[in-house]
Amino acid sequence: SGESGETMARGFDGRGWMERLEIPGRDPIDGNSIQSITVHPKSIRLRSPYAYAQLVVTGKTATGDSIDVTRACTFDTPNCAVANDSGLVIPVGNGEGDVVVRLGPHRDTLNIAADGIDSDSSDSIGAVDFIQDVNPILSRLGCNQGTCHGAQKGKAGFKLSLRGYDPVFDLRALTDDLAARRINPAAPEQSLMLRKPLGETPHQGGVLMAEGDPYHAVLRRWIADGSHLNLNAPRVVRLQVYPQNPVIQSIGTHQQVRLVAHFADGSERDVTREAFIETGNAEVATAGEGGLLTAVRRGEAAILARYEGNYAATTLTVMGEREGYREEDFESWSRIDEL
């Protein structure tokens, strides 16, 4: 495309994208009821301009309960990163430092290191991989789902493998099918693969992303670099969800979760925004974008997360209103009755 990797990587405006993100789930927090806060994870390392980390901050109340206070906190970041009010952290340059999390008089810290964000060697800045980067985005946008191009006969003359299970088939469909009409490496921004989800060309699936967002930047970079496929790229071997078995104390409030994918080479990546999170009981809790769970009524809901063929599960408990509850002493005749 005649552009360096550095220029294309810096074409992603991380600060602008963060400002455009909606931040639902701002719960009223009584600061006087909080005794301490704990942030998870305690350290993060970001190795790409498109990488991010979703923080989860838990507050301990005077009654001993744990509640999610992520969206009530402020986040002071070093020069190499920025954070928004939902606890999402992205890199803006190389460097290392501490993120200070504050809620009233309480504070906690975590270490952040960012590298590969900018350097004198521009070829590797923002480089992406089809299996690790592009395919999860196609899944998240719904392109390879059974209701879209992943259907048995595809959609509108274009077929992808269901949920991206066959990357070779998908590569041929994108780069070879119909005289490679979907890819334009000489002018990546003119590729149908970009124009349709951007809404610049009529698309039955509608507008799925915005120019300058990370998904757009990753897809554009892959096209500009020649639309390659590395079958030896490490695959996901395990998906981890945090926190495990969270408890929401009040109906209508929220719980932030974090999803981390572990790869065969030992590396790991925060995939909270790309993973699919579903609730097994929508009458008790609902799951929204960015790993945000919302309590609807008292009860328990199984939470299932899926990413690149791997699954993780946990149980969300909603306690609800308990005013007036009192433990009663019942007559006991044996140890069994006591238990």
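Predicted model, so just to flag it, every value in this text is computed and none were measured.
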Taking a hydrophobic cluster as the set of Ile, Leu, Val, Met, Phe, Trp and Tyr residues connected by side-chain heavy atoms closer than 4.5 Å, whether directly or through intermediates, do Y52 and V128 fall within one such cluster? yes
Any side-chain heavy-atom pair of V89 and I112 under 4.5 Å: yes
All heavy atoms of L110 vs all of S43, minimum pair found to be CB-N, 4.3 Å
Does L141 share a hydrophobic cluster with V218, counting links as ILVMFWY side-chain heavy atoms below 4.5 Å and allowing steps through other members? yes
Under 4.5 Å between side-chain heavy atoms, counting indirect links through other Ile/Leu/Val/Met/Phe/Trp/Tyr residues: same cluster for I277 and Y307 or not? yes
Heavy-atom closest contact (P49 atom, P91 atom, distance): O-CG, 4.3 Å
Under-4.0 Å salt bridge between D177 and K159: no
As a quick check of understanding, evaluate side-chain contact (heavy atoms from CB on, under 4.5 Å) for H216 and L194, giving each step before the final call. CA-CA 7 Å; H216 170 258; L194 291 182; 4.1 Å; yes
I'd like to know if the side chain of S161 and the backbone of D166 have a donor-acceptor N/O pair within less than 3.5 Å. yes
Does R182 qualify as a cation-pi partner of F158, given the criterion of NZ or CZ under 6.0 Å from the six-membered ring centre and within 45 degrees of its axis? yes
Would the distance check show the side chain of T175 and the main-chain N or O of L171 forming a donor-acceptor pair, the cut-off being under 3.5 Å? yes
R172, CZ: over 12 other non-hydrogen atoms inside 6.0 angstrom: no
Identify the two heavy atoms, one from A305 and one from L239, that lie closest to each other, and give their separation to 0.1 Å. O-CD2, 3.7 Å
Trace of the side-chain contact (heavy atoms from CB on, under 4.5 Å) decision for M209 with L219: CA-CA 11 Å; M209 62 186 185; L219 296 180; 3.9 Å; yes
Would I131 and R235 count as a side-chain contact (heavy atoms from CB on, under 4.5 Å) if you check the C-alpha gap in whole Å, the side-chain angles of each, and the deciding distance to 0.1 Å? CA-CA 8 Å; I131 291 176; R235 306 293 184 100; 3.4 Å; yes
May I ask you to decide if G116's main-chain N or O and N94's side chain share a donor-acceptor pair within less than 3.5 Å? yes
Mind running side-chain contact (heavy atoms from CB on, under 4.5 Å) on V257 and L293 for me, showing each step along the way? CA-CA 8 Å; V257 297; L293 307 178; 3.8 Å; yes
Backbone of A285 reached by a side-chain donor or acceptor of T279 within 3.5 Å: yes
Check whether any side-chain heavy atom of V39 sits under 4.5 Å from a side-chain heavy atom of V101, and report yes or no. yes
Taking atom CG of N111 as the centre, report whether more than 12 heavy atoms of other residues, nucleotides or ligands fall under 6.0 Å from it. yes
Around E338, counting heavy atoms of other residues, nucleotides and ligands shown, do more than 12 lie under 6.0 Å from its CD? yes
In the structure I gave you, are the side-chain heavy atoms of E308 and S139 within less than 4.5 Å of one another anywhere? yes
Tell me if a side-chain donor or acceptor on T314 pairs with a main-chain N or O of N245 at a distance below 3.5 Å. yes
Non-hydrogen side-chain atoms of L103 and V57 separated by less than 4.5 Å: no
Do S66 and K60 get their side chains close enough for a donor-acceptor pair, meaning under 3.5 Å? yes
Co-membership, hydrophobic cluster, residues L138 and V168, 4.5 Å side-chain: yes
Could you state the interatomic distance from CG (D170) to CG (L160), rounded to the nearest 0.5 Å? 5.0 Å
Return the minimal non-hydrogen interatomic distance between V284 and R298, and the atom names on each side. CG2-O, 3.9 Å
Take atom CD in E289; do more than 12 heavy atoms of anything else shown fall under 6.0 Å from it? no
Measure across A53 and I44 and return the closest heavy-atom pair with its distance rounded to 0.1 Å. CB-CD1, 3.6 Å
Would you check if the side chain of D129 reaches a backbone N or O of D133 as a donor-acceptor pair within less than 3.5 Å? no
Between N135 and F130, is there a side-chain heavy-atom distance shorter than 4.5 Å? yes
When rounded to the nearest 0.5 Å, the distance separating CG of L208 from CG of L198 is 9.0 Å
List in chain and number order the residues that pass side-chain contact (heavy atoms from CB on, under 4.5 Å) with T74, two or more places apart in sequence or in another chain; answer none if no residue qualifies. R102
Between S48 (side chain only) and Y50 (backbone N and O only), is there a donor and an acceptor less than 3.5 Å apart? yes
Donor on one side chain, acceptor on other, T109 and D98, under 3.5 Å: no
L55 side, atom CG; R258 side, atom CZ - distance, nearest 0.5 Å: 7.5 Å
Determine the minimum heavy-atom distance between C80 and E96, stating which atoms define it. SG-N, 4.0 Å
Counting N and O atoms only, with roles assigned by atom type, does the side chain of R297 sit under 3.5 Å from a partner on the main chain of G252, one being a donor and the other an acceptor? no
Is the charged tip of R306 near the ring of F276: under 6.0 Å from the six-membered ring centre and within 45° of its axis? yes
Taken to the nearest 0.5 Å, the spacing of L174 CG from L229 CG works out to 10.5 Å
Is the closest basic N to carboxylate O distance between D27 and R71 below 4.0 Å? no
Measure the shortest side-chain to side-chain distance between M319 and V247 over non-hydrogen atoms and say whether it is less than 4.5 angstrom. yes
Within this structure, what is the NE2-CD distance for the pair H149 and Q204, rounded to the nearest 0.5 Å? 8.5 Å
L88 vs M18 side-chain heavy atoms within contact, under 4.5 Å: yes
Greater than 12 external heavy atoms within 6.0 Å of K153's NZ: no
Donor-acceptor contact below 3.5 Å, side chain N281 vs main chain E283: yes
Is there a side chain to side chain donor-acceptor pair (under 3.5 Å) between Y215 and E274? Walk through the geometry before answering. CA-CA 10 Å; Y215 292 173; E274 287 74 52; 2.7 Å; yes
Taking the side chain as every heavy atom from C-beta outward, state whether I67 and I29 have any atom pair closer than 4.5 Å. yes
What distance do H254 atom NE2 and T294 atom OG1 have between them, rounded to the nearest 0.5 Å? 3.5 Å
Report whether V271 and V260 are members of the same hydrophobic cluster (ILVMFWY, side-chain heavy atoms less than 4.5 Å apart, transitive linking). no
Could you go through the side chain to side chain donor-acceptor pair (under 3.5 Å) check for D108 and T38 one step at a time? CA-CA 6 Å; D108 197 8; T38 304; 4.8 Å; no
State whether the side chain of W222 and the backbone N or O of V134 hold a donor-acceptor pair below 3.5 Å, judged by distance alone. no
